[in-house]
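Down below is the structure, laid out as structure tokens.
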Amino acid sequence: MAKPRVQFICQNCGTAHTRWAGKCDSCGEWNTLVEEGTGGGIGSGPAAMRSARKGRPVTLTTLSGEIEEAPRIVSGIGELDRATGGGFVRGSALLIGGDPGIGKSTLLTQAAAALAMRGHRVVYVSGEEAVAQIRLRAQRLNAAETPVELAAETNVEDILATIAEGKRPDLVILDSIQTLWTDMADSAPGTVTQVRASAQAMIRYAKSTGAAIVLVGHVTKEGQIAGPRVVEHMVDGVLYFEGEGGHHYRILRTVKNRFGPTDEIGVFEMSDRGLREVANPSELFLGERSTKAPGAAVFAGMEGTRPVLVEIQALVAPSPLGTPRRAVVGWDSARLSMILAVLEAHCGVRFAQHDVYLNVAGGYRISEPAADLAVAAALVSSLTGLALPADCVYFGEISLSGAIRPVAHAQQRLKEAEKLGFAQAAMPASGEDQNGGNGRRAFQPATLSDLVVRIAGSKRREAED
Ligand code: TYD
Ligand code: MG
């Protein structure tokens with residue numbers, strides 16, 4: 001019999017090392033190596049697989065052929081179904097990640113209740129909370145009377161034996177993956193080996209029976225699903241549940257989806273009765289807007305297929321420091337430096353003596369370069385002290401040469417803006433007929449200096465009017 005081998009597994013990336021070290025060579029993280037038994041690590045398989053076995057040929061096939069639509073279980077919670085791409089897919093595994101306390105268990109309790117009410121068999125397995133706690137939450141969510149089957153259990157074999165009884169469940173929720181452990185692996189619960197082996201067992205169960213499973217995963221401070229990053233590769237879909245402390249809204253963001261689009265979001269609001277769907281996020285993000293203050297510009301953005309209007313706020317103030325401060329919340333700070341550089345180099349707007357603060361209202365995060373124009377407008381507005389027109393939206397990408405470049409989905413952005421009462425738009429010029437013949441006043445600057453001139457000239461125009 002082979003001598004049991006000891007391995008050191010990185011708890012961050014899952015790489016197996018033969019010797020302990022302070023730093024993982026693979027991902028560069030410090031203090032993440034933990035001694036675990038054999039059988040773990042990337043590249044190793046089940047013990048039975050490692051003994052030599054003669055292979056069995058499989059039938060090769062072609063790329064073309066019949067395609068089946070993924071069979072889905074629709075929850076009826078519109079924002080959740082949107083993020084999953086139209087409902088949970090039978091026989092698939094979905095990972096929902098998020099910070100502790102963000103509302104993952106709340107969301108899944110609501111989803112479980114909604115599905116159970118529609119006649120699906122739903123099993124909710126919690127490894128974190130006692131049955132009484134879950135019941136208390138269900139009561140608060142008005143879901144206590146729904147036929148959801150509940151268990152507080154952490155052992156994978158016991159869970160599988162439990163759900164094998166009776167009709168095959170349509171959905172199994174495991175809250176959370178970090179608490180699960182299986183007899184197949186001999187490391188402590190919560191280690192990469194255990195999490196991976198447990199997830200693998202549950203995914204195998206899903207694939208073989210056609211039940212949909214949802215795994216809940218906690219996220220570390222650095223924004224990674226703690227330890228088991230490896231789980232992300234194994235599942236069919238990854239959703240992140242995000243929110244900012246102090247704000248009530250939550251965003252369910254699709255990061256990976258083998259059965260649908262990956263750029264969708266679902267928007268919710270946390271209330272004392274659970275999560276409420278927000279069908280029109282723009283109204284939420286533009287909620288308490290003061291229209292007369294300089295430094296605020298409304299950005300017409302897109303989240304997946306969905307237009308979202310958000311306010312971008314800039315504060316440019318004289319700096320007492322040799323190296324002025326640049327602080328950004330909700331946007332990329334490198335991108336801000338770029339816009340500042342373009343404004344300085346091509347438009348003669350100087351920020352060298354000023355601190356610059358940029359904030360995206362409502363704790364929202366923007367990743368689109370289309371926000372460039374709105375950021376530039378907010379910066380110039382704050383520097384000059386001239387408020388931007390209250391009924392104007394901004395979008396467009398700025399190139400290093402100072403040119404305004406077109407962005408996708410202009411029509412959709414404009415439509416959303418119009419719906420919310422914005423009569424003007426500053427945006428890139430493009431071939432399309434942007435006005436759509438409905439009387440909107442579109443300002444299409446070719447370069448950033450055109451926009452600066454327009455903002456700086458707004459005072460004079462006001463005086464003339
Ligand atoms: P929870 O779903 O337990 O978070 P997670 O599973 O992601 O750790 O939600 C925890 C928070 O949500 C908690 O601070 C209380 C709050 N909450 C409400 O505000 N309203 C509600 O109806 C519920 C059930 C929770
Ligand atoms: Mg929870």
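Being a predicted model, the structure only gives us computed values, none of them experimental. Just so you know, ligand 1 is whichever comes first in the structure, and atom 1 is the first atom listed for that ligand. When reading the values below, keep in mind they use all heavy atoms of this one structure, side chains included, and skip hydrogens, waters and symmetry mates.
- Listed as neighbours of ligand 1 are Asp99, Pro100, Gly101, Ile102, Gly103, Lys104, Ser105, Thr106, Arg137, Arg140, Leu141, Met270, Ser271, Asp272, Arg273, Gly274, each bearing a heavy atom under 4.0 Å from the ligand.
- Contact annotation: the side chain of Arg168 never approaches that of Arg121 to less than 4.5 Å [non-hydrogen atoms, C-beta and beyond].
- Atoms of the protein (N, O or S only) found under 2.8 Å from the Mg ion (ligand 2) are Ser105 OG.
- The environment of CE in Met270 is crowded: more than 12 heavy-atom neighbours from other residues, nucleotides or ligands sit within 6.0 Å.
- When the shell of 6.0 Å around NE2 of His354 is examined, it contains more than 12 heavy atoms from other residues, nucleotides or ligands.
- Taking Tyr394 as the reference, nothing meets the ring-ring contact (aromatic ring centres under 6.0 Å, His included) condition, with sequence neighbours excluded.
- Surrounding CZ of Arg405 are at most 12 heavy atoms belonging to other residues, nucleotides or ligands under 6.0 Å away.
- Summarising the local packing, CD of Gln133 is surrounded by more than 12 heavy atoms from other residues, nucleotides or ligands at distances under 6.0 Å.
- Counted within 6.0 Å of CE on Met184, heavy atoms from surrounding residues, nucleotides or ligands total 12 or fewer; the atom is thus considered open.
- Looking at Glu264 and Thr254, their side chains never bring a donor and an acceptor atom within 3.5 Å of each other.
- Annotation: salt bridge (charged side-chain N to carboxylate O under 4.0 Å, His left out) contacts involving residues 205-217, sequence neighbours excluded, comprise Lys207-Asp236.
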